[in-house]
Structure formats: C-alpha cells, structure tokens
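This report concerns only the one structure given below.
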There are 2 protein chains.
Amino acid sequence: MKDVAALAGVGLATVSRVINGTPVDPVLAAQVTEAARRLGYRHDPTASSLRRSDRRTRTIGLILEDVANPFSSVLHRAVEDVTRELGLLLLAGSSDEDPERERSLLGAFHARRVDGLIVVPTGRVGDELRAVARQGMPIVCVDRAADLEGVDSVTVDNAEGVADAVRRLHALGHRKIAFLGDQASLWTARRRWEGFVAAMAALGCPLKDGWVRRDLHGEAAGEEAAREILTGETLPTALVTSQNLLTIGARAALQDLGLHHAIAHVGFDDVELANLLTPPLSVIAQDPAALGRRASELLVSRLDGYDGPGRHVVLPTRYLARGSGEIQRLTRHLPRADDPGR
Amino acid sequence: MKDVAALAGVGLATVSRVINGTPVDPVLAAQVTEAARRLGYRHDPTASSLRRSDRRTRTIGLILEDVANPFSSVLHRAVEDVTRELGLLLLAGSSDEDPERERSLLGAFHARRVDGLIVVPTGRVGDELRAVARQGMPIVCVDRAADLEGVDSVTVDNAEGVADAVRRLHALGHRKIAFLGDQASLWTARRRWEGFVAAMAALGCPLKDGWVRRDLHGEAAGEEAAREILTGETLPTALVTSQNLLTIGARAALQDLGLHHAIAHVGFDDVELANLLTPPLSVIAQDPAALGRRASELLVSRLDGYDGPGRHVVLPTRYLARGSGEIQRLTRHLPRADDPGR
DNA sequence: GCGAATCGAGGAAACGTTTCCTCAACCTGC
DNA sequence: GCAGGTTGAGGAAACGTTTCCTCGATTCGC
C-alpha cells in the first residue's frame, strides 16, 4: 500500500480512501487505481479490521452439529446464500453434540473476532456461549432455542409436528403407536417426545412399556430398537421415528421383517429418495433452508445495529403424506377389542 | 496484552513469549498466566498473524461445488477432521460450478491470507486459481484434476468406474445400454463419459443415437431424459447414470413407468436409502471422505514445507452390487435378434 | 578476582491498515 | 482585497501482536 501511494504520488491515507470509497479527487483516484493494478496490490481485510473503528472482520462463524449431516448442510447453504450477498465469509465447524468441542469452536471464532455467530447449540447452554454472548457478540441459535439475554433463536415446532402426525394416525384407526426418540439431552428430541406423549394422552391412548424408546442415537440404534419392538409379543400398528437416522434404521427393520406394508410409519425430517421407496415414506418435514435463512436474517439485523431483546421465531413443520403414514390399522393383528383401558 | 504485562510487572515481549511457549522464567510465566486470567485476556490470532514472520493465519479455505450437496459435505467433514487436529479453522464456500463465483471466493480467501486452499475446481482451471498458485499459495484440487505447477490433486478413477459397470452389465447379457451424463464442461462428467464410450467400444457394442445423453444437470433433467429414452421406439435393457441427481431422476422415471424391475440401472455415486429401494440401487461408489482426507494430508504436507511438484492421487471406485444393476437382459423386449450392426 | 561469553528480559520497531489531526489551498461574503 | 470558513490531502499515531536489538546480570575460564 505504501508502494501504491508512492507510485501514485499520493499519501497513504488517500490510497485508503480510494479503497474504501471515500470521495476523493477523481484524478487522484484514477492514479491510485492504476498504480494498484500495476503493482498487483491486494487489500488485506485482516489488517484493515485490526485498525478499523468498528473492528468488523466481515466474517461470521457457523457451528453445526455436523457439516456432513444433510440437515446441517442445507442449513449451511442457506446461511451462505444470505451472507454472500453481504460479502461476508463463513467459518464453519462441527460440534458433534460435544459441549467441549462447541466450547473450543466458540472460543476460536470469538478470538478471531467474527462479526457474529450462528449456532446449533449442544444440550444445555454452555458457559462459553453465555460468556461470548455477554461480551456483546451477536448470536443466533438455530434448531434449538437458547434462553440467553439478547440471543435470537429460530426453531421448528417440534412438539406440534409430532402431535399432528399422531393425530393423523389416530384418525386412521391407530391406537397402538410406538415411538423412537433421540438422546434426551437434545432439546429437539425432548420436544418431539413431549409432543408424542401429549398427543397420545389427549387422544386417550395409553403408552405401552417398551413402545416408547428414547436415547437412541444413529441408524444402527434405530434399527435395533425397531426390531425389538416389531418382534415382540404384540405389535404396534404404527411407528413414529423422531429423527433422521432413526427413521432410516427403523425402515430398514420394517422392510427386513416384511412389515413395511403392514405397519404405518412416519418419520421426522425429510430424507432423499423417501418418495421412491415402496410404500413411499411419509414424514414430518422441516425446512432447514428456511431455518438457515431466518437465522441469517436475524443475525444480519443485529449486525445492522439491532440491539434489543432476543427474538424467537418458530417455524411450522409440514406433514408430507406419501404413503407409509397412510397405512390403515391392520385389524387382524389386534386382539378382540382395542381396549384403551388395559 | 499491555495491561497483562503491566499487571504481571513484566514487559510486553515476555507476555508474548509466555503465550507462544517460548521458554521463560517459570516465576514470570506464572505471573503472566495469572494476570491474563484475571484480566480475561484473549489472544488475537489475527493481529498475531499480521506481525508473525511466517504470516500463518491458521486458517484454510475450502471451495466446494455446493456445501449442501451430500458428496461435498462429507468431503468437507473429512477435511475438517484432519485440520481440526492441527488447530486450523475452515473457511468454506460454494462455487455452484460458476467460474466467476469461484474467482470471487478464491480472491476473498487469498486476500484473507489463508494458509492453504482445498478446491473442487469448476470447469477449466481459471486465471485466478493460476495466479493464486503462482504466488506460492499451497493448493490441493480435489475430485477434479488441475494441471498446474505445484498443485496437488486427488481424484477418483471415474472412467474405470463406469467402464467396470459397463463390463458387468455386458456380462449379464446387456448390449443396449443407455447413458446419462452431466455437463460436459465438468471434468468428472467428461471422464465418466469417456469411460462409457471406451468400454462400449472395447466390448463391440455400438452406441445408439439418443441413448447417450450429456449435458444434463439436476434431478429434473435426469428424469426427463430417462423418460424420453424409456418411451422410445426400442428400449435399452440397461441404464447407466453418471451422477447423483441424474440417478435419482432416472430412477423416478423408471419407477413411474413401471420399468424398475425390467431394466438394469447403475448410478455413479452412492446415495442415502439406495439399499431400501426395491430393487435396491446398485452404484459405482466413491469415497468422498477418503478424497477429503487425502487432500487434507497433501495440503498439510505442503504446509509443513513440502514444495515439490504436484502430486496426483487417484483413488479407485467401488461397485456396490445391490440389485438394480444385476437385472438380467430382458429378452422378450428385444426384436428377433440383438443385431449390433443395425 | 577480573574479563568475556552467555542468558534472558525489556524496549522499540514493524506488520498493513484506518483514522485523527494538521495544514494548505481554495472559496465565499462583505 | 481580506478574514473566516470549507474542502480535501498528507503525516503520524494507533490497532494487537511478534521480533529484533540492546543491555544488565549471571556464569565461566583463567
């Protein structure tokens, strides 16, 4: 930059002004531009942000559960689309639901002075997140709410999504509905379970021991749990799986046991190829792109100066009736009467 | 940092030494650590890298086709796993196969002085990539080779993967094999097409006009092209789709036309739920995680000082025989003889 | 016991920018 | 025509660090 100033025959400050678009004599500006071109000068945003009064790095941090997870990566992309417009770069990392790893990413991003943070928080809100938020860093939590002063969140109505599915199954005659849930430490997993329990209670359906499985993580766990339920004494007539991989695992078990046409199945979160299965898989779909978009917008508003209390956006889920959830109750499996009392 | 030095009663330089682990009087070190703790001091890697002699930012840039694409995101994750160990942060962006967008990301990452770059290059190697490479930035191309001095690459043996699938189909009696390919501007799409053409020629199978479709992009284009082929005068007995989304689109067409049990189908690149379809989808699988891992390792070796010529790693593909590719030639569909001459 | 070599800490310059402040030149109004 | 105001460019300090250099103190050899 010094060289550019020398070649253009102007002061350092003028070069800076030209670069930042501060009005300056057009003749000088042209000289500077030309000199910069000839010297192959490249502006250094890092040094710039060091001195700059607002300390903006034009970088934002994104902490996902796992960048490779389709849900996360679609969200990631939506965030990228919004931030790209503003010329912001994205620093991304995976927490793997590990609070310690979340802590370390949070620390690294904060130390690098990112302008803001979009986070899918692990479990309970950790101290690091609290500390970073307290220091005035704009933060938006996504997919899971975090009850922190001045922190926004965008979530999905998990409980209602599951409850809606349960009511639909009930309307088709199903009373014996099994449930597979992820680790109870996850905010979403708890909400979905609550939605299930509440809806079943509201419909007067008792919960059978062993038909409500929680703390399952990953495809294999889902398959095994489904297999146990489906090889039991009496079978449920419908199955709700409240997470991606659990859905896939359970479906594998259903197909393996030849029950995929007999037992209704609804999963939470859409999955590629779901509509090419036979029967096609019905799901409670979220819109990860919408989550990412809304979260980015909230963050951008904070970047633009909004400094009010946390805003909490809740997006609806959408039930996609494709077939597997529309299987009617199979009466021949049932004992004489479906007596909810026992 | 100045405050820490003052509180600890030492010089600025000593604080820096403590932070960077340069040996220093243990008593002073303890004072510094304590002072830093009390003041809640956080080291600023940005300012650090500005002055530091090696100019390392401990950041690397990752340019993918689309972070939301499962292939890309799994690769992303593998890169993250390797770089995390080294305490490097990842700046990620999507090029969308748009050279201009690639240019802009490249420029932004370079300006921010990332220590290295892992890139899935769009089409031909652009000037920007060439320029950045020439300036000594360590670069590894992944998924697609780039013929640049001092630039490594990790790719998959695309041509052989497709050729292998064709030979397998041939062994099952198939002679009339259709092919769906992505945009010819893509390096991988060209290689896969070449593999198809070469294998067909080697086996003495003529290519029928209209059965080799290229320049298809996206699921809808795949479905439409497949539909056209499958509603033609004479039908192929097997179908090779050389990209993710084309595979899904083609499979949808096959199922919609009720031909999924009649016509063999092999896709390139594995896809979630493929094994739960009926028949399960056979694919030529790549290992995106391995691509990402190897690319990261090559980059790390350059970061560690390797400055030799570009190294080019080629990983094999793996054929996953699940069912759809093992459908035998359906003789009743064929006219009297399978006369390759006409 | 003294000079030289060694060691380790402090001070200051430097990294590439922006911003404050100064100052020269020009313009305006009387 | 001149005082005061306005405009706009240059010089220098500052951002938070690292590194070079200096210098005092300790140790070692003779």
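A, B, ... follow the sequence lines: proteins, then strands. Residue 1 opens every chain.
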- Query: Got Pro23(B) and Arg17(B) here, is their nearest side-chain heavy-atom distance under 4.5 Å?
  - Reply: no

- Query: Just how far, in rounded Å, is C1' of dC15(D) from CG of Asp3(B)?
  - Reply: 14 Å

- Note on the structure: From CD1 of Ile19(A) across to C1' of dT18(C) the rounded distance in Å is 10 Å

- Query: Arg52(B) CZ to dG16(D) C1': how many Å, rounded?
  - Reply: 13 Å

- Message: Has Thr57(B) got a side-chain atom pairing as donor or acceptor with Arg113(B)'s backbone, closer than 3.5 angstrom?
- Response: yes

- Task: Salt-bridge test for Asp287(B) and Arg294(B): reply yes if a basic N is under 4.0 Å from a carboxylate O, no otherwise.
- Result: no

- Query: Can you check the Asn20(B) CG to dT19(D) P distance for me, whole Å?
  - Reply: 7 Å

- Task: Measure from the side chain of Val24(B), starting at C-beta and using heavy atoms only, and say which of dG16(C), dA9(C), dC15(C) lies closest.
- Result: dA9(C)

- Asp25(B) side chain, from C-beta outward: closest of dT17(C), dG16(D), dA9(C): dA9(C)

- Query: Expressed in angstrom and rounded to an integer, what is the separation of Met1(A) atom CE from dT17(C) atom C1'?
  - Reply: 6 Å

- Note on the structure: Among dT18(D), dT17(C), dG10(D), the one nearest any side-chain atom of Leu12(B) is dT18(D)

- OP1, OP2 of dT18(D) versus side-chain N and O of Ser16(B): anything below 4.0 Å? yes

- Query: Within the structure, does a side-chain N or O atom of Ser53(B) lie under 4.0 Å from either OP1 or OP2 of dT19(D)?
  - Reply: yes

- Task: Record whether the side chain of Arg17(A) comes under 3.5 Å of the base of dG10(D) through a donor-acceptor pair of N or O atoms.
- Result: yes

- Message: Quiz question: going by heavy-atom distance under 3.5 Å, is there a donor-acceptor pair between the base of dT18(D) and the side chain of Arg51(B)?
- Response: yes

- Task: Whole angstrom is fine here: how far is it from CG in Asp54(A) over to C1' in dT17(C)?
- Result: 13 Å

- Task: Check the distance between dA14(D)'s C1' and Asp44(B)'s CG and give it to me in whole angstrom.
- Result: 14 Å

- Item | d(CZ, Arg42(A); P, dC15(C)) in whole Å | 20 Å

- Query: Between dT19(D), dT17(D), dA9(D), which nucleotide gets closest to the side-chain atoms of Thr14(A)?
  - Reply: dA9(D)

